[in-house]
There are 2 protein chains.
Amino acid sequence: MSSPVTADPGRRLSSEERREQILRAAIAVFGARGYVGATTDDVAKAAGVSQPYVVRLFGSKESLFLAALGDATDELLRTFREALASDDAEVPIDKRIATAYVDLLRVRGLHQTMSHAYLLGSHPVIGPAARRGFAQVWRFFRDEAGFDADKARAFLAEGMLINTMIGLRLVDDYGDDESVTEMFRSCFPSTLPDVLTIVPRSDDPW
Amino acid sequence: MSSPVTADPGRRLSSEERREQILRAAIAVFGARGYVGATTDDVAKAAGVSQPYVVRLFGSKESLFLAALGDATDELLRTFREALASDDAEVPIDKRIATAYVDLLRVRGLHQTMSHAYLLGSHPVIGPAARRGFAQVWRFFRDEAGFDADKARAFLAEGMLINTMIGLRLVDDYGDDESVTEMFRSCFPSTLPDVLTIVPRSDDPW
DNA sequence: GTCTATAGGATGATAGAC
DNA sequence: GTCTATCATCCTATAGAC
């Protein structure tokens, strides 16, 4: 089936295992449909559980989204820190972080769940959480990676553009000309191996 | 009241005038809440008309969103072309376009309506429209402004970062430290006059 | 730990009057 | 050109059994 993260739907798991599983599904589903557009039933189906159980475990759709956003942000920062720590003298720091960011596309919906949150700044609950998460990333670049403000800004900007191209599902549907292909290529350095195999397509609902 | 675009709510207007008025409201509302999150009643209230009338004029919520997206994209390109044409030798092309982009923040929700659309790539109707609109902007940079691919990409990236900071409503609520203030400043060159007066705040619902 | 059944509240769209 | 009234659908959340 099309569920992105289902693992042995029939089994009885610990609450902790289920949480993880549902969070994965939530990131995929929220990423594709957004906070309001995604239903708790979408998430439940993707995780292979019932809709009321999702609500039961997380309390509300809002809490579920906050948990998914927190999880995505944590995973992003963890991956960045790994890239920073892997003291590969061959490859400069910024290059390693950029590669890590693109590799993270394997986690379906991660970039887009964050992007959706970043667009909801006027939401009374999600807004503040989104601002906190975004600030965490900024501080990583400044304090941990050692970028100056300009470098950090440029880096973040490229990241937001990547998120946009991913959200647009730009890969296989580029209207009536080739300029979009050029655009897409110029965003993903050709040195990166299999980008095209991990980028979500327009016919992929999640 | 809080309606962003209400003009003489009681008057009887031509269909064309009403369309314009409702489109303005739709851009503001969709920008703040997203395609799914915004209701046709939100738009109606912001425009000072009844909810069924909004649906009547545009056929459906989906068509209304497509119209709003098209309108926003048109206005963006028109503004860019104006900036390009104003042959001000003092200021280089890219600087003029950047300034025009920031000035467009006066049109509430314009940047964010586009950003929301760009996140809905897997939507069967909105996805293709969003890809077309984005490609139009890319082609403007390449074919009309004369940027090379690298320059166009960098420019687009900075734009997406600006959209993000606007969507986050980052201006007046920056959590627990000053790093966010720094981040915000580094995105908006201080040469720009009154950015802070036209940027939407976190307590502004639209 | 997990499900079925369902209440209750929006919300998009239609019918029809003025 | 514009409104009021209303239907039908969808969706979150709760109740309660196993």
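Ring pair A:His111/A:Tyr101 is perpendicular by interplanar angle, where above 60° counts as perpendicular and below 30° as parallel. Under the 30°/60° scheme for interplanar angles, the aromatic rings of A:Tyr35 and A:Phe30 are found to be tilted. Aromatic ring orientation, B:Tyr118 versus B:Phe134: perpendicular (interplanar angle above 60°, classes split at 30° and 60°).
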Distances under 3.5 Å between protein N/O atoms and the N/O atoms of nucleotides 8-12 of chain D, please, pair by pair.
from   : atom 1 : to      : atom 2 : distance (Å)
D:dT12 : OP1    : A:Lys61 : NZ     : 3.0
D:dT12 : OP2    : A:Thr40 : N      : 3.0
D:dT12 : OP2    : A:Thr40 : OG1    : 2.9

Could you write out each protein N or O paired with an N or O of nucleotides 15-18 of chain C at a distance under 3.5 Å?
from   : atom 1 : to      : atom 2 : distance (Å)
C:dG16 : O6     : B:Arg56 : NH2    : 2.9

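Taking 4.5 Å as the limit, some side-chain heavy atom of B:Glu16 sits within range of a side-chain heavy atom of B:Arg19. In this structure, A:Asp204 and A:Arg108 have side chains that are in contact, with non-hydrogen atoms separated by less than 4.5 Å.
Atom CZ of B:Phe58 and atom P of C:dT14 are 16 Å apart (whole Å). Between the P atom of D:dT2 and the NZ atom of B:Lys45 lies a distance of 18 Å, rounded to the nearest Å. Look at CZ on B:Arg18: it is 8 Å from C1' on D:dT2, rounded to the nearest Å. When rounded to the nearest whole Å, the span between CG of B:Leu57 and C1' of D:dC3 equals 13 Å. The nearest whole Å value for the distance from the CZ atom in B:Phe65 to the P atom in C:dG12 is 14 Å. C:dT11 atom P lies 18 Å from atom CD of B:Glu62, rounded to whole Å.
Scored by the side-chain contact (heavy atoms from CB on, under 4.5 Å) test, B:Glu158 finds A:Arg153, A:Ala157 as partners (sequence neighbours excluded).
Residues A:Gln136 and A:Arg139 have side chains that never bring a donor and an acceptor to within less than 3.5 angstrom of each other.
No donor-acceptor pair under 3.5 Å is formed between the side chain of B:Arg169 and the backbone N or O of B:Asp203.
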